2 protein chains.
Amino acid sequence: MKGCPLQAMLSSDKDCNQKLGVAKDILDVLNGKWKMEVILLLLQYDKRRFKDLQAEIPGGVSAKVLSSVLKDLEEHHIVKRGLDDVTVEYELTEYGRSMREVISNLVELGLAHRKEVIGK
Amino acid sequence: MKGCPLQAMLSSDKDCNQKLGVAKDILDVLNGKWKMEVILLLLQYDKRRFKDLQAEIPGGVSAKVLSSVLKDLEEHHIVKRGLDDVTVEYELTEYGRSMREVISNLVELGLAHRKEVIGK
DNA sequence: CGGCATCCTTCTGGATACTG
DNA sequence: CAGTATCCAGAAGGATGCCG
């Protein structure tokens, strides 16, 4: 045993498992069948209505699931829900827009992973 | 619509959704209740036996679940399973050791996320 | 010791119908 | 249009027991 292998930490009194909890926080934000799809669409369109999002997501989401996804993303400050006149429009917050780099990094890591696990 | 918002891609003929699939690959590797715990323990100990891993994981994993986790990590080239004499020892592959930086990055992102979503 | 077999509970997501 | 309500199926994880 050599202590927590996660350097890059500033506060030293927290233990490794708490750090894992922090890491899982951000995984939860992106995890799920449709979260990244929604974020990507909102990166493309800036503002989008519920029905449009539902129609444009490849594969097809039920209204119930899309609703819960949007609610979840809103709670995590990724999207903003706004009543524009009579309709409802969703858009990314500034923080939400910062997810583009995060997802890009994941794509990079994913490509490396496919290379490592060839043929899988 | 302005095209796929994920730059940092080299091959241009694949579309955005395939890129998301690639990103999900790496998420799957780390996602799950115990995968990162196992990786962290193996970063600390280099080699570890099944029972030891099970005993040291905080919270407690059932043998069935730990078994499936290790099998999954092995399929993804993260851990190596070796019969050392009569006992079984697990250790990280070189690729598996590269997960330390990935997890560290997630911790960084998680800290930023907590800062963004204060009090949650 | 290192699992696998079985059974059970919980969580995600899907299908459909309905409402303000 | 933008959801909510209900019911349902499948996967993940847990508890316990058994086996080579």
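Quick note on labels: first sequence line is chain A, next is B, and so on, each numbered from 1. As the structure is a computational prediction, the values presented were derived from the model and not from experiment.
Atom CG of L27(B) is separated from atom P of dA12(D) by 15 Å (rounded to the nearest Å). The CG-P distance, from D85(A) to dC1(D), rounds to 16 Å in whole Å. One can place CE of M36(A) at 12 Å from P of dG13(C), the figure rounded to the nearest angstrom. The distance between atom CD of Q54(B) and atom P of dC4(C), rounded to the nearest whole Å, is 13 Å. When rounded to the nearest whole Å, the span between CG of L70(A) and P of dT12(C) equals 16 Å. Atom CZ of R81(B) is separated from atom P of dC4(C) by 8 Å (rounded to the nearest Å). Rounded to whole angstrom, the span from the CG atom of D52(A) across to the P atom of dC1(D) amounts to 8 Å. If you measure from atom CZ of F50(A) to atom P of dG20(C), you get 18 Å, rounded to the nearest angstrom.
For dG3(C), one of the phosphate oxygens OP1 or OP2 lies less than 4.0 angstrom from a side-chain nitrogen or oxygen of Y90(B). An OP1 or OP2 oxygen of dC4(C) is reached within less than 4.0 angstrom by a side-chain nitrogen or oxygen of S67(B). For the pair K71(A) and dT4(D), the criterion of a side-chain N or O lying under 4.0 Å from OP1 or OP2 is met.
Residue S68(B) is the one, among S68(A) and S68(B), whose nearest nucleotide of DNA chain C lies closer to the 5' end (criterion: closest heavy atom).
Taking every side-chain heavy atom of W34(A) into account, dG13(C) is the closest of dG13(C), dT4(D), dG13(D). Distances were taken from every side-chain heavy atom of K51(A) (C-beta onward) to each of dG14(C), dG2(C), dC1(D); the shortest belongs to dC1(D).
Interatomic distance, R114(A) CZ to D25(B) CG, rounded to the nearest 0.5 Å: 4.0 Å. Here the CG-CG distance, from L109(B) to N105(A), works out to 7.5 Å after rounding to the nearest 0.5 Å. In this structure, the separation between CG on L70(B) and CZ on R81(B) is 9.0 Å, given to the nearest 0.5 Å. For the atom pair E56(A) CD and R48(A) CZ, the distance stands at 4.0 Å (nearest 0.5 Å).
Judged by atom type and distance alone, K64(B) does not reach the base of dG3(C) through any side-chain donor-acceptor pair under 3.5 Å.
Relative ring orientation between H113(B) and H76(A) is described as parallel, the plane-to-plane angle staying below 30° on a 0-90° scale split at 30° and 60°.
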